Amino acid sequence: MAISTSAMGFGTSVSSYSCLRARSFEKSSVLCNSQNPFRFNSLFSIRKSHGSSRCSVSRKSCRVRATLLQENEEEVVVEKSFAPKSFPGNVGGGSNGEPPDDSSSNGLEKWVIKLEQSVNILLTDSVIKILDTLYHDRNYARFFVLETIARVPYFAFISVLHMYESFGWWRRADYMKVHFAESWNEMHHLLIMEELGGNAWWFDRFLAQHIAIFYYFMTVLMYALSPRMAYHFSECVESHAYETYDKFIKDQGEELKNLPAPKIAVDYYTGGDLYLFDEFQTSREPNTRRPKIDNLYDVFMNIRDDEAEHCKTMKACQTHGSLRSPHTNPCDESEDDTGCPVPQADCIGIVDCIKKSVTDPQVIKR
């Protein structure tokens, strides 16, 4: 099951900037009275003349979000991406990163997207078969391997983003903040599995660490060439993690309720500073999810829900430039961006960045 999220939006009418939450999760996006739900940059192009009126709107109403859960929703729900054997049906703008169908060139790009996602699903299914063979009756060891692998893409994303930033190609602080928070969350999942004994065997540690090394360099290359493909691959991995934990909870739920929670889990989910815990959940307002940890069942419930939040973030990232930190307030940005902006190429992948840095000398000026 590939899990998806929606992206963000902005309206062209200055008087209708008030954002409305979408009630249906099947089309979970932020509606800002717009016909183009992905072009929100113009919101900031006119911020000087209308910043004061917009900032009177509450932070909750003016935030551009990746996706939104339904109100009073107790369980994190995830949505399936389109099947790799068929084209995405959304012709008005891709929830999977595809462009609006307004030119013949978009037909080729849709084929590219289909190819990218088919390759990702093939790779994911291959790894799943290996894990099913090796760990069909060793759950904690399997979780240890999964969590060792799952945090690697975020290291790779940050590495490439640092390179782009160094060259002055593309600077997105929100991306780096969110990806670091995601790696922090996955690291604590890993620590929990280690405390549960998932890393007891030398073979499991050897396999997980060497897969992680290969996965890192593969993701760096993939992300440099096609961020959209890399984000979708990570979505597939997180989707499998969600399904794995969900099945484990259903099979072992009653037993887990009688087992104590690991100390590291209690400290992470109920500790004093939960800024990074909120940061990776781009589909939620900060401080809206505060887990309770009474037993091991609660731990795995929250780990599963974390994986669903990762899926939503990876889904949103497939639309270029759409990711925003949950702690970023557009009203504050409109006031803080009065300084001299750094010229940069809003590029997609290293090939596009090199091309734009050559054709537009302003891109590489400091």
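Residues take their numbers from the sequence shown, with the count starting at 1. What you see is a predicted model, and the numbers here were worked out from it, not measured in a lab.
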I want to check something: taking the side chain as every heavy atom from C-beta on, are [X] and [Y] in contact at a cut-off of under 4.5 Å?
| X | Y | answer |
| --- | --- | --- |
| Glu238 | Thr313 | no |
| Asp306 | Arg289 | yes |
| Asn295 | Leu256 | no |
| Phe280 | Leu276 | no |
| Met314 | Pro153 | no |
| Asp174 | Leu323 | no |
| Glu254 | Asn258 | no |

- [ ] Please report the C-alpha distance between Gln318 and Gln117 in whole Å, then the side-chain angles of each, then the deciding distance to 0.1 Å, and finally whether the side chain to side chain contact (heavy atoms under 4.5 Å, CB included) criterion is met.
- [x] CA-CA 11 Å; Gln318 292 170 51; Gln117 298 194 349; 3.8 Å; yes

Task: Whether Tyr245 and His189 hold their rings parallel, tilted or perpendicular, with breakpoints at 30° and 60° - done: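 Ring orientation of Tyr245 relative to His189: perpendicular.
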
Open item on the list: If you apply the rule side chain to side chain donor-acceptor pair (under 3.5 Å), what do you find for Ser325 with Glu279, and how did you get there?
Closed with: CA-CA 6 Å; Ser325 163; Glu279 181 68 20; 2.6 Å; yes

Open item on the list: Could you check whether Glu309 pairs with Arg284 (Lys NZ or Arg NE/NH1/NH2 to Asp/Glu carboxylate O, under 4.0 Å)?
Closed with: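 Yes, charged N to carboxylate O under 4.0 Å.
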
Task: Lys/Arg-Asp/Glu bridge criterion (N-O < 4.0 Å) met for Glu307, Arg304 - done: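 Arg304 and Glu307: not salt-bridged.
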
Kindly say whether the aromatic ring centers of [X] and [Y] come within a distance under 6.0 Å.
| X | Y | answer |
| --- | --- | --- |
| Tyr135 | Phe143 | no |
| Tyr231 | His320 | no |
| Tyr215 | Phe155 | no |

Open item on the list: How about OH on Tyr275, more than 12 heavy atoms from neighbouring residues, nucleotides or ligands closer than 6.0 Å, or not?
Closed with: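 Enclosed: over 12 neighbouring heavy atoms sit under 6.0 Å from OH of Tyr275.
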
Open item on the list: I'd like to know if the side chain of Asn302 reaches the main chain of Asp298, judged simply by a donor and an acceptor atom lying under 3.5 Å from each other, with no hydrogens or angles considered.
Closed with: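 A pair under 3.5 Å: yes.
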
- [ ] Please answer whether the main-chain N or O of Trp184 pairs with a side-chain N or O of His188 as donor and acceptor at a distance below 3.5 Å.
- [x]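 Yes, the answer is positive, given that a donor and an acceptor are paired below the 3.5 Å cut-off.
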
- [ ] Check the pair Leu161, Tyr223 against side chain to side chain contact (heavy atoms under 4.5 Å, CB included), reporting the backbone distance first and the verdict last.
- [x] CA-CA 9 Å; Leu161 289 172; Tyr223 191 63; 3.7 Å; yes

Task: Pairs meeting criterion salt bridge (Lys or Arg N to Asp or Glu O under 4.0 Å) with involvement of residues 121-148, two or more places apart - done: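 The answer is Asp132-Arg142, Arg138-Asp204.
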
Task: Chi angles and distances behind the side chain to side chain contact (heavy atoms under 4.5 Å, CB included) call for Met222, His232 - done: CA-CA 11 Å; Met222 186 184 294; His232 179 262; over 6 Å; no

TODO: Using the side chain to side chain donor-acceptor pair (under 3.5 Å) rule, take His240 and Thr244 through it: C-alpha gap first, then chi angles, then the decisive distance, then the call.
DONE: CA-CA 6 Å; His240 171 66; Thr244 301; 3.3 Å; yes

